[in-house]
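In the text below, chain A, chain B and the rest are named by the order of the sequence lines, each starting its count at 1. In this text the structure is predicted, and so the values were computed from the model without any measurement.
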Protein chains: 2
Amino acid sequence: MGDRKSRPDRERRRNERRGEFVEAARRAVAEHGIGVSMDQIAAEAGVTKPVLYRHFRDKDDLYAAVAADFVQRLLAELATVLGDSRDPTELLRTGIDCYLAMVERDPDLYRFLTRSARNSVIDDLAGRVSTQIAVVVGEQLREARRDSGPAEAWAHGIVGMVSAVGEWWITNPVIPRAALVQYLLDLLWRGFAGMAPVRTDAGGAGRPS
Amino acid sequence: MGDRKSRPDRERRRNERRGEFVEAARRAVAEHGIGVSMDQIAAEAGVTKPVLYRHFRDKDDLYAAVAADFVQRLLAELATVLGDSRDPTELLRTGIDCYLAMVERDPDLYRFLTRSARNSVIDDLAGRVSTQIAVVVGEQLREARRDSGPAEAWAHGIVGMVSAVGEWWITNPVIPRAALVQYLLDLLWRGFAGMAPVRTDAGGAGRPS
DNA sequence: GACTTGCCGTTACCATCAGTAACATCGAGG
DNA sequence: CCTCGATGTTACTGATGGTAACGGCAAGTC
């Protein structure tokens, strides 16, 4: 079809507008909880519903945009914080910490994304993230000359673990974030094995209570 | 009004009926997918909607009943299979395997429970299961004379991990269940430690491969 | 046998919400 | 002046969760 390349202005404007709506959706979620309706989001954006539907095919599409925005911010933050460290431990720790930091900063948005009704868009996104992680894990496994078979399963497992813990933690913030990150890191890094041997003299993990 | 203790018949009959409806819900899910409507469930049960609502306060209540049934079956199966083994490894392996076996047996029901729209009932249930697991984990940690602080976080993490992997696996059954269980067990038991460049001071861990 | 009581079932309705159709407006350019 | 395209609105449809109001059936009581 001859969509004659209308001036880039148009395209840019359109993206800007999408961004505004995504932001409005975030505000609406903050105000009305995770059960926001399209009407409420539209109202928050200062327009009415059909306008929203001119920019997003359906509600899932909006959800996806919000989620993509979230992921993008997460990745940006990760890039900032990670620098160029390739140490797997740091990768893991920083990844978990960033994720939980975002959860901590915007719990409602987080719940909106994870528990936001019927849609598989978030799943897709989580799946892509998991696949990304699987690549890294696979690399690390191969580098260590180990079977890379578990990579994908592990990746999904890690994502699920961190995500579930995040959800539990935002409603039960019984411990500071740093401690939680350390716990998860311990589990993912050394596993339960660390708990079996009774090395009483090892690094002072004695009995705090 | 005199709530004269009506004969236990009444109560029993009522519970039976609830059970029938739960089963009908399972069939309806199998037939219509995870987006079943109350009308469809009622039809599957051979009645109409208001009858359903005489037995369940709302849809969440029905969901909760279905989920509780699922968990009960899971626990029963666990009890059968576990016997009285207290070996943590076996506990973990059997728990994971039972869970994935149920996921494998009834994928639609599983998706229905986990991704079934707006409700926090499933969360509550998962939370209770996690808490249960946390108790066991805490015991094991204390037995090993280690800090039991991570118990709850770990429990939620394990549940989240297994659950997420289950979800990924039912849509991507690229490996047999046994292998998947082994992968998860490896990760939870020994962690990434085996894959990292050998840590010079790590003492016992070494190369388990 | 008629009368109350409690359960079971129905039809018909309401409210909410995603999504759409049709119309109104404004600015740019022939 | 009129068309075109983008933006906005009001007012609708359709599906679905949930409810109200009615009717009938079985059993104990007079």
Side-chain angles (χ1 to χ4, degrees), chain A residues 1-21 24-25 28-29 31-66 112 115-122, chain B residues 1-21 24-25 28-29 31-66 112 115-122:
Chain A
M1 290 316 165
D3 37 84
R4 169 199 299 299
K5 260 286 161 32
S6 45
R7 300 196 213 2
D9 280 6
R10 289 294 175 220
E11 196 69 17
R12 198 175 49 81
R13 184 79 191 124
R14 211 179 151 71
N15 282 349
E16 246 173 44
R17 208 99 180 87
R18 264 181 82 102
E20 285 172 27
F21 288 142
V29 167
E31 181 173 356
H32 297 107
I34 69 173
V36 226
S37 75
M38 289 298 263
D39 278 317
Q40 288 169 323
I41 295 174
E44 182 68 40
V47 296
T48 50
K49 219 175 9 166
V51 179
L52 231 50
Y53 279 95
R54 282 230 246 292
H55 292 264
F56 303 94
R57 200 167 28 63
D58 53 16
K59 200 176 187 182
D60 287 354
D61 197 22
L62 210 189
Y63 282 28
V66 176
F112 172 72
R115 285 295 190 252
S116 63
R118 88 294 155 90
N119 79 346
S120 56
V121 181
I122 311 302
Chain B
M1 280 319 137
D3 42 84
R4 171 200 296 298
K5 261 289 171 12
S6 42
R7 300 194 217 3
D9 279 7
R10 292 294 177 219
E11 195 70 16
R12 197 175 50 81
R13 184 80 190 123
R14 209 178 154 72
N15 282 350
E16 248 173 42
R17 208 95 181 90
R18 262 181 84 101
E20 285 173 27
F21 288 140
V29 167
E31 181 173 356
H32 298 107
I34 71 173
V36 225
S37 75
M38 288 300 261
D39 277 319
Q40 288 169 321
I41 295 175
E44 182 66 40
V47 295
T48 50
K49 221 176 6 168
V51 178
L52 232 49
Y53 280 95
R54 282 229 188 64
H55 291 264
F56 303 94
R57 198 163 28 65
D58 53 16
K59 200 176 187 183
D60 287 354
D61 198 21
L62 209 189
Y63 282 27
V66 176
F112 171 72
R115 283 295 191 249
S116 64
R118 85 296 159 76
N119 80 346
S120 57
V121 181
I122 310 301

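- Of the candidates D/dA20, D/dG8, D/dG17, the closest approach to any side-chain atom of B/Tyr53 belongs to D/dG17.
- Using a 4.0 Å cut-off, some side-chain N or O of B/Thr48 falls inside it from OP1 or OP2 of C/dT10.
- For the pair A/Arg54 and D/dT9, the criterion of a side-chain N or O lying under 4.0 Å from OP1 or OP2 is not met.
- Side-chain contact between A/Glu44 and A/Val36 is absent, with no heavy-atom pair separated by less than 4.5 Å.
- Here the shortest heavy-atom pairing between A/Lys59 and A/Ser37 reads NZ-CA, 4.5 Å.
- In terms of polar N and O atoms assigned as donor or acceptor, the side chain of B/Lys59 never comes within less than 3.5 Å of the base of D/dG18 in a complementary pairing.
- Protein atom CD1 of B/Ile34 is 14 Å distant from nucleotide atom P of D/dT16, rounded to whole Å.
- Along DNA chain D, the nucleotide closest to B/Gly35 and the one closest to B/Pro50 are compared, and the more 5′ of them pairs with B/Gly35.
- Between A/Arg57 and A/Gln40, the residue anchored nearer the 5' end of DNA chain C, judged by the nucleotide with its closest heavy atom, is A/Gln40.
- Distance NZ (B/Lys49) to C1' (D/dG17): 6 Å, rounded to an integer number of Å.
- Of all nucleotides listed (D/dA20, D/dT16, C/dA18), D/dT16 comes nearest to the side chain of B/Ser37.
- Residue-level contact check: B/Val47 touches the backbone only, with heavy atoms under 4.0 Å from sugar-phosphate atoms and none from bases.
- If you measure from atom CZ of A/Phe56 to atom P of C/dT20, you get 15 Å, rounded to the nearest angstrom.
- When side chains are defined from C-beta on, B/Phe21 counts as touching B/Leu52, because their heavy atoms get closer than 4.5 Å.
- Shortest non-hydrogen contact noted between A/Asp61 and A/Phe56 is OD2-CA, 3.4 Å.
- Atom P of nucleotide C/dC8 and atom CD of B/Glu20 are separated by 11 Å, given to the nearest angstrom.
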